Number of protein chains: 2
Amino acid sequence: MRVRLEDVARKAGVSPKTVSRVLNDEANVTDTTRERVRAAMEEMDYRPHPSARSLAGNRSFLVAMLYDNNDNPASTYLAEIQDGVLEACDAHRYSMMVRPLRMRDGDFIRRLDALISDHHPDGVVLTPPITDYAPLLKRLREANVPYASVSPVRQAKTLGVRMDEQQAARAIVEHLLALGHRRIAHVIGIANHGASRWRLAGYREAMAAAGLDEDPALVVQGAFTFASGVEAARHLFSLPDRPTAVFAANDDMATGVMWAAGEYGLKVPHDVSVCGFDDTPLSRQLWPALTTVQQPSREMGKIAAEQLLSELRGHGTGKLVQIPFSLQIRGSTAAAP
Amino acid sequence: MRVRLEDVARKAGVSPKTVSRVLNDEANVTDTTRERVRAAMEEMDYRPHPSARSLAGNRSFLVAMLYDNNDNPASTYLAEIQDGVLEACDAHRYSMMVRPLRMRDGDFIRRLDALISDHHPDGVVLTPPITDYAPLLKRLREANVPYASVSPVRQAKTLGVRMDEQQAARAIVEHLLALGHRRIAHVIGIANHGASRWRLAGYREAMAAAGLDEDPALVVQGAFTFASGVEAARHLFSLPDRPTAVFAANDDMATGVMWAAGEYGLKVPHDVSVCGFDDTPLSRQLWPALTTVQQPSREMGKIAAEQLLSELRGHGTGKLVQIPFSLQIRGSTAAAP
DNA sequence: GTGAAAGCGCTAACAA
DNA sequence: TTGTTAGCGCTTTCAC
């Protein structure tokens, strides 16, 4: 019925252990033997039994992707990362499982422990905002489970992938400045998220470089959600001297800003320019379409998983890869009125 | 280190086999013995090793969720289903893996076979549109892999969950009729998707019941994407006698219709009413917010997985569960001009 | 109702 | 460089 390693060994005229060596790319096999075994595997369409492998070898060939589905309004972001992680795992014949965890819940660590003792993942991929949740990282190190992160805040000794969000934010604000805007507002994301901090810092950097003093009334707190964008914008548009442009820390909030503009009878981009960050599918579907920063989430997930796998498989060592950003200039930004 | 079944047996003063019986809810254990074993498991925080279980027992305790990420523009839909499936699997201590497959690709079946022989899932959950892809179903039956579906077209002998989409579509068109609309257009989804057929049928049923003859010019083909909605609407709005309301077969297309309305200088809902189907997060973020049909995707994923699991675990038999729909009346629909 | 022995398919440790 | 032996943690089969 099922082709076993032993069957391949018999066919290739070697011992089971040698087949195992070939299967695991171990040393100490001559090239000719290796080839002979490979041919036999191919011919018999041999598929190693994952449970037998992990039981005997004490490794699971499993990568778990951890995320917080509470603090992530834009689930397309996670879906794209997941796609990328999956692609990388598939390519290396690892399997992947997904694990929602909520930082706000008291049983975060208990659930993490359950994951580890139930499934024994060889490593995990962390997504914002849990990339920097200290109790999590501590527990992973104690349990000796390697991890790679997408957009981690602390970057020393961390594997994964990042983008220079601060530079990207600065660039998009400079785009507004170049259009002649001077009263530029910013809607901040959830406090303590790395993304919020970087994007705010980029905004400040651009404004300062243009010689503009920060008007505290123009910097308002949001929470990455559409509703928080609406609320923030209502505040901004009620100001006696309202902004001519709003840079929201993500696309969902930018959408909320555009909604609020409608409520106040302001035309985008004629009366007010609006831009966001992320380049979610939504941003292209709005009218006018949203100027934003492209984040290649899928690619980032793939890279993070690859770094983890290269760490696990011992080929050299995983790194923290930095990828470039790109601005998507669309209809929601125009010259200052 | 790790607590094994044998350790539990020793503590409870029984044989390993008896612990195994308790673990698997088998018969032939007295209640007192069962209780004693349970207590020992609890006390030692025993976690069975999944690989050992599946190697010895020839089952994987694994459910795979299959989807086509090609034909699914709204990935939040899949993400929500996934969340529900995961919840159900967790509750029954099954693990879940996700598997993108593309009907358009030639290697669909090869990739399915790879999934089966690599991971041996005990069952799979199917999502639209692959719920009715004949070669897939055939292969699953041959390989003896049970499946449950979300919104399958063929419903005889199928496990899973469904909603009466035709009635829902009829209801939303009746809402437009009640507002005084008579020239109501419909934008169809991808041909052959069950969703497209049901929603079109509901539209026709409502129009016919209102005594209105179908105007073929008002029924146009789309493809579930934003862009296809724009294109369809441009055609409709160019008509000499344009519709006063448009029912698009999903929210993404409805968004495209709203975009096109802007291009033609038409105000929604003043000049034209627009409604969709699905109640994606997007639908609440538009301005005006979209009238649509709520589909509880997460719940549907959970129910489908539960039906599969109840089939797998032999507790009675899985069924095809029908769940109710609900209309979300928002700002994009109003009285006919 | 319960237990003893054998073995699932693979790899670790050691030997040759 | 290659093979042998033992065993991973559980379930099966079959005996009691």
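In what follows, chains are A, B, ... by sequence order, proteins preceding strands, each numbered from 1. Because the structure is a prediction, the values reported are computed rather than measured.
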Answer with base, sugar-phosphate or nothing: what part of the nucleic acid does Pro16(B) contact at a heavy-atom distance below 4.0 Å? nothing
Roughly, in whole Å, what's the span from NE2 in His120(A) to P in dC8(D)? 15 Å
Enclosure of Arg10(B) CZ (heavy-atom neighbours >12, cutoff 6.0 Å): yes
Hey, does the side chain of Thr30(B) come within less than 4.0 Å of dG1(C)'s phosphate (OP1/OP2), counting only N and O? no
Arg2(B) CZ to dC8(D) C1': how many Å, rounded? 11 Å
Flag the pair Arg47(B) and Asp118(A) as a salt bridge only when some basic side-chain nitrogen lies within less than 4.0 angstrom of an acidic carboxylate oxygen. yes
Quick one: the side chain of Arg21(B) and the base of dG3(C), do they pair up donor-acceptor inside 3.5 Å? yes
Would you say dT2(D) has OP1 or OP2 under 4.0 Å from some side-chain N or O of Asn28(A)? no
Are Asp90(B) and Arg99(A) ion-paired here, with the side-chain N under 4.0 Å from a carboxylate O? yes
Say whether, by atom type as modelled, one donor and one acceptor occur between the side chain of Asn69(B) and the main chain of Pro100(B) under 3.5 angstrom. no
Among dG9(D), dG3(C), dG9(C), which is the nearest nucleotide to the side chain of His49(A)? dG9(C)
Euclidean distance, atom CG of residue Leu5(B) to atom C1' of dG7(D) [Å, nearest integer]: 16 Å
Atom CG of Leu23(A) and atom C1' of dC10(C): how far apart are they, to the nearest Å? 9 Å
Check whether any side-chain N or O of Tyr46(B) sits under 4.0 Å from OP1 or OP2 of dG9(D), and answer yes or no. no
Side-chain N,O (Arg53(B)) to OP1/OP2 (dT11(D)) below 4.0 Å: yes
Does Asp83(B) pair with Arg298(B) as a salt bridge, N-O distance under 4.0 Å? yes
Could you state the CG-C1' distance from Asn58(B) to dC8(C), rounded to the nearest angstrom? 8 Å
Within the structure, does a side-chain N or O atom of Asn24(B) lie under 4.0 Å from either OP1 or OP2 of dT11(D)? yes
What's Thr33(A) touching, base or sugar-phosphate or nothing? Going by heavy atoms closer than 4.0 Å. sugar-phosphate
Integer-rounded Å distance: dC8(C) P and Arg4(A) CZ: 7 Å
From the list dA13(C), dG9(D), dT12(D), which nucleotide is the closest neighbour of the side chain of Lys17(A)? dA13(C)
Take Gly13(B) and Arg59(A), find for each the nucleotide of DNA chain C with the closest heavy atom, and name the residue whose nucleotide sits nearer the 5' end. Gly13(B)
Looking at Ser20(B), I'd like to know whether one of its side-chain N or O atoms comes within less than 4.0 Å of OP1 or OP2 on dT11(D). yes
May I ask you to verify whether the side chain of Arg34(B) and the base of dG1(C) hold a donor-acceptor pair under 3.5 Å? no
What's the CD-P distance between Glu26(A) and dA13(C), to the nearest Å? 11 Å
Between dT11(C) (P) and Glu6(A) (CD): distance, integer Å: 13 Å
Side chains of Ser51(B) and Ser51(A): do they bring a donor and an acceptor to under 3.5 Å? no
